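The block underneath contains the structure these notes are about, expressed in structure tokens.
These figures come from a predicted structure and were not determined experimentally.
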Amino acid sequence: MTNRTVTDFTTKNSLARMQEILFYRELDFPLKDILKILSSPDYDRKKALEAQKELMILKKNRIEKLISALDDAVKGVKINMKVFDNSEFEEKREEYAREAKEKWGNTEAYSEFEKKNGSFSTDDIRSLAAGIDEVMAEFAECMKNGFAPDSAEAKGLVRKLQNYITETSYTCTDEILAGLGQMYTADERFRKNIDRHGEGTAQFISDAIDKYCSSVK
């Protein structure tokens, strides 16, 4: 891991890092791969953004072809089935993921994740996800009971979440925890999933993590 502190996530650098995370999410990179890439001390932001742009262009081109195909379908024009072929984007993304692993994959957090989860079955992964979801539900109850994000109750749940991730996946440092807290609200997919437990739960968790990380600086 780098020597950057959690304050990186509470300054202008925080927004830049969150944007990078969201770009990766838009390109359908798994969270574990994003962690692997961004936590490397050798991470090159400019090169990463250039690669992301290349992938985004491929994705945009495919969407434009699909839109054109839809217009043809409405007009009754026969569609070339090759328009549904997404292999170029998938191959390029896999190539980038391999290169990223070679360049930036030697991090303690990711190595630990691989060691703990490398042989996990689908049921094991579902169990881990269910464990996280249970903690999210506890946050929702905490919020519904009127506790503030900086309350002892909320901070206790933040520690519980951090410890659960550390025990089951990788050492969840305050730096990583802060980044996760921001992603819970910045990424609409995360927000919607968490808010199944109650509207505003994702924001409450994000605020609680922020308060917790600020208090342990």
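- Proximity of D174 to Q162: side-chain heavy atoms (C-beta onward) are separated by under 4.5 Å at one or more points.
- In K53, the NZ atom is not crowded: 12 or fewer heavy atoms of neighbouring residues, nucleotides or ligands sit closer than 6.0 Å.
- For the atom pair CG (L180) and CD1 (I205), the distance works out to 11.0 Å, reported to the nearest 0.5 Å.
- Using a 4.5 Å heavy-atom cutoff, the side chains of I132 and I165 are in contact.
- Judged purely by atom type and a 3.5 angstrom limit, S206 has no side-chain atom pairing as donor or acceptor with the backbone of A202.
- Residue F89 holds its CZ atom at 11.0 Å from CD of E54, rounded to the nearest 0.5 Å.
- Heavy-atom minimum distance, C142 versus F204: SG-CZ, 4.0 Å.
- In this structure, K92 does not pair ionically with E88, as no charged nitrogen and carboxylate oxygen lie closer than 4.0 Å.
- The two atoms that bring I79 and A73 nearest to each other are CD1-CB, 3.5 Å, heavy atoms only.
- Here the side chains of D150 and Y212 are not in contact, with every heavy-atom distance at 4.5 Å or above.
- In terms of heavy-atom proximity, A208 sits nearest to F139 at CB-CE2, 4.2 Å.
- Here N86 contributes atom CG and L66 contributes atom CG; the two are 8.5 Å apart, rounded to the nearest 0.5 Å.
- Nearest heavy atoms, R62 versus V83: NE-O, 4.2 Å.
- F147 and M143 end up in different hydrophobic clusters when Ile, Leu, Val, Met, Phe, Trp and Tyr side chains are linked at under 4.5 Å.
- The side-chain heavy atoms of R189 and N193, taken from C-beta on, include no pair separated by under 4.5 Å.
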Pairs under 3.5 angstrom only: tabulate donor-acceptor contacts from the side chains of residues 151-159 to other protein residues two or more places apart or in another chain.
from : atom 1 : to   : atom 2 : distance (Å)
S151 : OG     : A148 : O      : 2.7
S151 : OG     : A154 : N      : 3.2

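- Not one N or O on the side chain of K65 forms a donor-acceptor pair closer than 3.5 Å with the backbone of K82.
- Checking side-chain atoms of R191 against main-chain N and O of Q203 turns up no donor-acceptor pair under 3.5 Å.
- Between R196 and D133 there is a salt bridge, since a side-chain N of the basic residue sits under 4.0 Å from a carboxylate O of the acidic one.
- L70 is not connected to F84 by any chain of hydrophobic side-chain contacts under 4.5 Å among Ile, Leu, Val, Met, Phe, Trp and Tyr, and they are in different clusters.
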For this session: Begin from the C-alpha positions of E167 and N163 and carry the test side-chain hydrogen bond (donor to acceptor under 3.5 Å, both in side chains) through to its verdict.
Result: CA-CA 6 Å; E167 291 169 3; N163 291 337; 5.6 Å; no
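- Legend: residues meeting side-chain contact (heavy atoms from CB on, under 4.5 Å) with Q52, ordered by chain and number and at least two apart, are F23, Y24, L27, L49.
- Put simply, the side chain of T166 gets close to the backbone of C172: a donor and an acceptor are under 3.5 Å apart.
- Between L177 and C213, the shortest heavy-atom distance links the atoms CD2-SG, 4.0 Å.
- Distance check: E134 CD to L161 CG gives 12.5 Å after rounding to the nearest 0.5 Å.
- Looking only at distances, a side-chain donor or acceptor of S214 sits under 3.5 Å from a matching main-chain atom of D210.
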Problem set entry | Evaluation steps, side-chain contact (heavy atoms from CB on, under 4.5 Å), between I194 and T185 | CA-CA 9 Å; I194 295 172; T185 55; over 6 Å; no
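- Side-chain contact between M136 and Y184 is present, with at least one heavy-atom pair separated by less than 4.5 Å.
- With values rounded to the nearest 0.5 angstrom, L55 atom CG is found 14.0 Å from K60 atom NZ.
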